[in-house]
Amino acid sequence: MPKLQFYLLDLRRAEINNRQAVLLFGRTLDNNRICIIDLSFLPYFYVVPKKGMNVQEKLEKLEVERENIISKVVKTELLKKKFYGREIDAIKVYVPFQRDINIIKSIIDEWEIIEGIYESDISYLRRYLTEKGIIISTLLEADADPFNAGFKLDTFLAKSITTNTEDSIKSPKILAFDIETYNPEGRKIDMKNNPIIMISFYSEGFKKVFTWKRFKTDLEYVEFVNSEADLIGKFFQTVGNFQPDVITGYNTDIFDFPYIEERAKKYKLNAKIGLDNAGIRLVKGDNARARIPGIVHIDNYRFIRKAIAMEGGYSLDNVATKLLGRGKKKINIEDLYKIWDQGNEMIEPYCEYNLVDSEIAYELCRKFLPEIIELTKITGLSMDNITRLGYSQIAESFLIRQANSFNELVPNKPDKTEMARRFLESYKGSFVFEPKPGIYDDIVIFDFRSLYPTIIVSHNISPDTIDCSCCDNDSNIAPDYPKEHHFCSKKKGFLSVILEDLITRRTRIKEIGKDNLILKARAETLKLLANSFYGYLGFYGARWYSIESARVITAWGRYYIKQVIEKAQKEGFIVIYSDTDSIFIALAKKSEKDTLDFLINVNESLHGLMELEFEGFYRRGLFVSAKEKSTGAKKKYALLTREGNLKIRGFESVRTNWPEVVRKVQRTIIEGILKTGDAEDALLYLRNTIEQLRNKEIDNKDTIIETTLQKNIESYDNAAPHVVVARAMKDKGIDISPGMKIEYIVAEGEGRINERAKLPEDIKDGGYDSDYYINNQVIPAIEKIFELFDYKKEDLIETKDQKKLDDFWRL
DNA sequence: CGTGACCGGGG
DNA sequence: GTGTACGGTCACG
């Protein structure tokens, strides 16, 4: 029998031949999907006995019966392990099945002769991967015989599995899909009552849209079926035939897959989509997700939301526009239900729309897959997990995997009381040098490269080096931190070793891989991972929780950034702003070269891996004051790059929720001030807008305020403006339900705001309340900016000549 | 103003 | 397979 070579894609736990089994799903070099069953790996956990107690014998005799199932210990081994760096004796306890662990554990928990039980909650599959050194996505070699398990693909029973290469899958078969559903206007999504009306698929050389109403069309990829039930049948059939390695979409975890599952249930369809014939496995709740056994499921929305900060929200259209340079097909999706009811060729553009969504999802997945695979290779986590878990869990998984090679026992998770206690523990964070509100010319920004990770390495901060007994209390102490804790200066800690490795690997990869996409992805990934450990140490749910370590890290962080600030000031630079690891310096009378010399100078004084980096030169910057205060607001500024681009941070209040007229005025004013260096033109522009509002020259649609209705209108006691409008809509016969976006305009006239909030369609051109829009919308949004130039509210509203406006437009 | 509930995204 | 996402806004007392 020749050896099978295959790229590992997914794993599952199963019981086969009355043994605990690992199912390894992969793709062979000659492009077949296969499943290898490995029965060789026994589940286990550790018991640490009290000093001098003989626990091993008692363990080996242990046998429990629960609900007609007998659980017992297969064998034990006495081992020397380490716990927080200290040597201890531990008994490794093997059981036949994963399910036996909790049963056996609950018995041992009561024993007086034990100190503790460890690693009983480490997932069997993760343990398997760690111990065998197997990494998902890489090439494995199996010596295996054919085996009939009744699965959808060739299945083998492994005699041995080896891993000897870092070679990972180059071009996995990705299949993207998207569903469109019947959804009457403004209604909440209702999976129980509203059907799926079309489903699209997209892959390289594969386009398909299935729908169950016929109309005349030339689109060759549209295929008609007879009913929703047939449509869903087609979905399972298409996935089955295509045999994807990766199935992807947008928000598929909580929308498309649950929807398909719900509708399949209605028609009693067998949703055996998993390669082991299991159905879609849905996990509900906050961390909802859909698992398809044997197939990697990447929900782009899930991954992008946690990996990329996105201005303008995470709608597919916005995400695709920003990341791929192309958006969705422009069409009114709210009208789909009406057009569906009509059932004519008006449906056609919606098929195109449906297909484009799949295509975009496909492209997004392709774009991020290299990075996802890299993270998988570094952390050992599955792609499903990498794309869904939070950073603290990724960091922890990584530590667990490393612990094995350090022979370290993994600490247990904290219980509820412990977590509650930790939750209340707080600590001093980073240092912020508050900006003096104002406008500054010629700015340079420096920031520490991976400040916290490099501090961890440089100062040997680690849960196993804190307060060691081999060093005295004065060594290695953070300057402005109470001298309660010290870190070992003789032996390197577990965390510092791991981080040093991550950082040096990243630096090396960054150097050699400037033009290589995969290496770039790997460098980014290493940075991401390195940055997550500081947060992890202070996270109340962490196994290696060490708030003291986190405190010392921020203490050193404050120390280093303050050193840079002081040094800059001593050398005659004007420090404008600093937050955590970055510093904004006004050049004042200094030259560019002076700033770069300063940078070199600072770096000479920093030890180890620590480094201050040049971020960029800026032509001008604007810092406003905080609400009700004269000090500068944190994280709220706007910069103008040398290329003339705007970088606006923290003026977040003016985004959605505000009428267009306000958003536009704020942005234009910031841009004008930054480009000219004074507020004269901006003031003219503002006054002009105010004047236009007064003269009703601003379009009604730019004054629309949008608010989401949170609950049934009957259950509101005090009527907010949007509630009043929602009631009016209901009187007009429009169906109103929670979740609906209510649009309204504040009309001119007497009375309270909520009495004057009206449906846009009920307001004649210019029927809005100019004073309201000027005083409660426009002015608050720009007040702080004009304060920088000593303008008072009264100055802003006053009108003046408009000649200069023409100049302003030419900016 | 403070606290607690709810939302995102999908049609 | 789970807890504890997370950071903001809105409702309500």
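In the text below, chain A, chain B and the rest are named by the order of the sequence lines, each starting its count at 1. Everything quoted here is computed from the prediction, not taken from an experiment.
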> Please give, in whole Å, the distance from B:dG8 C1' to A:D299 CG?
13 Å
> Base, sugar-phosphate, or nothing for A:L389, non-hydrogen atoms under 4.0 angstrom?
nothing
> Using 30° and 60° as the class boundaries, would you call the ring planes of A:F257 and A:H297 parallel, tilted or perpendicular?
perpendicular
> How is A:D357 classified with respect to the nucleic acid when contacts are heavy atoms under 4.0 Å: base, sugar-phosphate, or nothing?
sugar-phosphate
> Between the base of B:dG10 and the side chain of A:E180, is one N or O donor paired with an acceptor at under 3.5 angstrom?
no
> Quick one: A:I179 CD1 to B:dG10 C1', roughly how many Å, whole number?
8 Å
> Ignoring the backbone of A:K413, work out which of B:dG10, C:dA5, C:dG3 is nearest its side chain.
C:dG3
> Under 4.0 Å, counting only non-hydrogen atoms across every strand here, what does A:I197 touch: a base, just sugar-phosphate, or nothing?
nothing
> One thing to verify: whether A:E363 and A:K367 come together as a salt bridge, which I'm taking to mean a side-chain N less than 4.0 angstrom from a carboxylate O.
no
> What's the gap between B:dG8 and C:dT2 when it is taken at their P atoms, as a whole Å value?
24 Å
> Let me know the distance between CG of A:D415 and C1' of C:dG3, rounded to the nearest Å.
12 Å
> C:dG3, B:dG11, B:dG10: which one has an atom nearest the side-chain heavy atoms of A:L316?
B:dG10
> Tell me: NZ of A:K338 to C1' of B:dG11, nearest whole Å?
14 Å
> Please report the distance, rounded to the nearest Å, between CD1 in A:I196 and C1' in B:dG10.
12 Å
> Taking the side chain as C-beta and beyond, is there a heavy-atom pair between A:W340 and A:T211 under 4.5 Å?
yes
> Calculate the interatomic distance between A:N251 atom CG and B:dC7 atom P; express it in whole Å.
14 Å
> Write down the distance between CD (A:Q393) and C1' (C:dG3), rounded to a whole number of angstrom.
9 Å
> Rounding to an integer number of Å, can you tell me how far A:F255 CZ sits from B:dG11 P?
6 Å
> Checking contacts here: which listed nucleotide (B:dG11, B:dG10, C:dT2) is nearest the side-chain heavy atoms of A:Y250?
B:dG10
> Taking NZ, NE, NH1 and NH2 as the nitrogens, is one of them in A:R326 or A:E359 under 4.0 Å from a carboxylate oxygen of the other?
yes
> Establish, with yes or no, whether the OP1 or OP2 oxygen of B:dG11 is under 4.0 angstrom from a side-chain nitrogen or oxygen of A:K328.
yes
> Do A:S200 and A:D357 have side-chain atoms, one donor and one acceptor, less than 3.5 Å apart?
no
